[in-house]
Each structure stands twice: as C-alpha cells, then as structure tokens.
Amino acid sequence: MDVVVGKILNDLRLLKNNKTTISAICQRIFYYIQDYLSGKHSDDDILKISCHVADMIEYNLKKLEKECKLEDMEVKDLFKLVNEIIHESKIV
C-alpha cells in the first residue's frame with residue numbers, strides 16, 4: 001500500500017498545482033486500488049471496491065471544490081481525507 005500512498009500524494013500535489021483534474025486523479029486511484037487488490041479478491045470484488053473508493057473520493061473532492069474549500073486546503077489535508085476514505089473502505 002505504500003506505493004499507492006506515494007502515488008496518491010503525488011497526484012494531490014499535482015491537483016494543488018493545477019496540473020491535473022479531480023476526475024483524472026480519481027481515475028488513477030481506481031487503477032492504483034485495482035493493482036493493489038489483484039490476487040487478493042475476486043475480479044468482481046476488485047471492480048466494485050475500486051469503483052466505490054474512486055467514486056467516494058471524487059464526490060468528496062468535487063464537493064469541496066464546489067464549496068470553494070478545495071483551494072484553501074493543503075495537500076496534507078487532502079491526503080488525510082483521501083486516506084480516511086480508503087481506510088473506511090477496509091481495503092487496507
């Protein structure tokens with residue numbers, strides 16, 4: 001999971017520097033989680049879990065963006081939010 005965490009942190013830095021979008025980050029998170037879960041769950045479960053986590057992250061980030069809170073948040077705060085969503089999904 002450490003590799004996934006590092007990739008997500010880098011993606012959030014790119015988001016804060018306006019080098020990527022929320023949708024692009026969530027798509028990459030979908031694939032990071034699929035890769036992490038491969039061999040640990042059935043293909044159907046991997047797809048469901050990956051979709052759910054990526055959708056929840058996208059929902060929360062877009063909500064923050066809509067409320068104009070995203071721009072005021074630091075990368076560490078965004079990472080904490082994403083990390084909480086991942087841990088709540090019980091994949092780690």
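Values reported hereafter were calculated over all heavy atoms of this structure, with side chains retained and with hydrogens, waters and symmetry mates removed.
- Atom CG in Leu47 sits 13.0 Å away from atom NE2 in His52 (nearest 0.5 Å).
- Interatomic distance, CG of Leu14 versus OG1 of Thr21, reported as 10.5 Å (0.5 Å rounding).
- Counting only distance, with no hydrogens or angles, the side chain of Asp35 and the backbone of Tyr31 share no donor-acceptor pair below 3.5 Å.
- Listed by chain and number, the residues in a salt bridge (Lys or Arg N to Asp or Glu O under 4.0 Å) with Lys62 are Glu58 (sequence neighbours excluded).
- The only option from Lys16, Arg28, Lys19 that meets the salt bridge (Lys or Arg N to Asp or Glu O under 4.0 Å) definition with Asp11 turns out to be Arg28.
- One finds the CD1 atom of Ile25 at 14.5 Å from the NZ atom of Lys7 (value rounded to the nearest 0.5 Å).
- For the residue pair Ala54 and Cys26, the shortest heavy atom distance occurs at CB-O, 3.5 Å.
- For the atom pair CG of Leu61 and CD1 of Ile85, the computed distance is 7.0 Å after rounding to the nearest 0.5 Å.
- In this structure, the separation between CG on Asp55 and CG on Asn60 is 11.0 Å, given to the nearest 0.5 Å.
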Listing, residues 65-82 side-chain donor-acceptor contacts under 3.5 Å, not counting sequence neighbours, or none:
none

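- Linking Ile, Leu, Val, Met, Phe, Trp and Tyr residues whenever their side-chain heavy atoms come within less than 4.5 Å places Ile46 and Ile8 in a single cluster.
- Atom OG of Ser50 is separated from atom CD of Gln27 by 12.5 Å, given to the nearest 0.5 angstrom.
- Connection of Val4 to Phe30 is not established within any shared hydrophobic cluster, with ILVMFWY side chains joined at heavy-atom distances below 4.5 Å, either directly or through further cluster members.
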